[in-house]
Amino acid sequence: MPELPEVETVAAGLRPHLVGRRIVRVDLRFPTIVRHPEPEQFVDGVTGRVVEALTRRGKYLLFHLTDGYLMVIHLGMTGHLQLFEPDSDFAPHVHAAFLLDDGKQLRYRDVRRFGRLLFGTEDELLAHRAIPRLGPEPIDDAFTATDLYRRLHARRAPLKALLLDQAVVAGVGNIYADESCFRARVRPDRPGSSLSRPAVRRLREALQESLTTAIANRGSSVDSYRDAFGERGSQQERLLVYGRGGQPCATCGRPLSTIRLAGRTTVFCRRCQR
DNA sequence: TTAAATTCCTGTAAGC
DNA sequence: TGCTTACAGGAATTTA
């Protein structure tokens with residue numbers, strides 16, 4: 001499922017093909033995938049505008065369009081964005097298709113339909129809470145251990161739940177929450193407030209390490225994730241704990257434990273993580 | 001304000 | 001083999 005590294009990989013792959021291109025037609029095949037504004041307004045707003053830049057914020061893709069407008073796409077769990085020749089067959093579950101002025105077609109496909117499309121000015125999207133308030137970008141240099149400590153210290157929820165909260169840190173999902181806790185040698189079920197400053201420093205390092213390594217490997221294709229060219233990432237082959245419950249810990253060799261935390265399957269090592 | 005539970009959605013895999 | 005059921009999870013929404 002797409003988290004920060006996967007969304008970053010999609011953005012990097014699409015950027016050279018989209019920036020400078022005009023969207024000349026929008027085929028909205030499943031209108032409820034649009035969450036803001038009404039589907040007709042979405043189509044009207046996007047049509048005819050040029051993609052001036054493509055950026056990422058948390059797990060959101062931001063298409064910066066003419067006149068200060070944004071088209072925002074969240075891939076949910078199974079969302080895919082890929083360029084096709086317009087006369088090629090549509091795969092099942094393609095909910096939206098954007099025809100570009102160079103003849104290519106950008107298609108949004110999403111089997112489980114947890115993804116969403118949005119359009120508006122930045123202020124408008126924030127005001128309507130279509131885009132939630134997001135915490136800092138964890139791979140930013142400005143993301144400091146002091147800041148993270150302040151965000152965790154006041155909270156009693158389990159660390160894992162806080163890492164999944166996009167208002168605490170943007171872009172972390174189930175895979176990299178588990179990976180980061182393991183790398184930081186911290187139990188994911190500890191209350192956020194119980195973490196010492198050294199533990200938070202390790203956690204910050206672990207988050208950056210997990211995420212940047214995953215970006216370098218073009219993301220984790222553990223479910224249906226594919227990049228903008230339909231290719232799998234390779235980070236899933238290097239994951240230390242996610243999806244490895246019962247298998248030996250890479251550090252101590254003891255079987256990894258699986259628990260349910262914040263409604264999510266959580267894997268960690270009872271010996272190495274304290 | 002915070003935290004936990006619920007909901008949405010369908011392909012896949014396990015179990016009988 | 002074929003059916004049923006559980007499971008995967010991001011984030012909005014609901015409940016306490």
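Throughout, a chain's letter reflects where its sequence line sits, starting with A, and its residues are numbered from 1.
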Asks: Salt bridge between Lys160(A) and Asp189(A), side-chain N to carboxylate O under 4.0 Å?
Replies: no
Asks: Do the side-chain N or O atoms of His93(A) get closer than 4.0 angstrom to the phosphate oxygens (OP1, OP2) of dG11(B)?
Replies: yes
Asks: If a protein heavy atom is under 4.0 Å from the base, mark B; if only from the sugar-phosphate, S; if neither, -; do that for nucleotides 9-16 of chain C going 5' to 3'.
Replies: BBBS----
Asks: When the distance from CG of Leu159(A) to C1' of dT2(B) is rounded to whole Å, what number comes out?
Replies: 16 Å
Asks: I'd like to know whether the aromatic ring centres of Phe119(A) and Tyr69(A) sit less than 6.0 Å apart in this structure.
Replies: yes
Asks: Answer yes when Arg226(A) and Glu231(A) have at least one side-chain N-carboxylate O distance shorter than 4.0 Å, and no when they do not.
Replies: no
Asks: Quantify the bending of the helix from dT2(B)-dA16(C) to dC16(B)-dG2(C) as the angle between its end axes, each fitted on five pairs, to 10°.
Replies: 50°
Asks: With the threshold set at 4.0 Å, does a side-chain nitrogen-carboxylate oxygen contact exist between Arg112(A) and Asp110(A)?
Replies: no
Asks: Base, sugar-phosphate, or nothing: which does Pro158(A) touch, judged by heavy atoms less than 4.0 Å apart?
Replies: sugar-phosphate
Asks: What heavy-atom pair brings Ala250(A) and Leu240(A) nearest, and what distance separates the two atoms?
Replies: CB-CD2, 4.5 Å
Asks: So that I can tick it off, tell me whether Arg218(A) and Glu6(A) are bridged by a salt bridge, with the cut-off set at under 4.0 angstrom between side-chain N and carboxylate O.
Replies: no
Asks: Taking Asp227(A) first and then Arg232(A), would you say they form a salt bridge - that is, a charged N and a carboxylate O separated by under 4.0 Å?
Replies: no
Asks: Between Lys59(A) and Glu3(A), does any side-chain N to carboxylate O distance fall below 4.0 Å?
Replies: no
Asks: Would you mind reading off the distance between Leu261(A) atom CG and dA3(B) atom P, rounded to a whole angstrom?
Replies: 13 Å
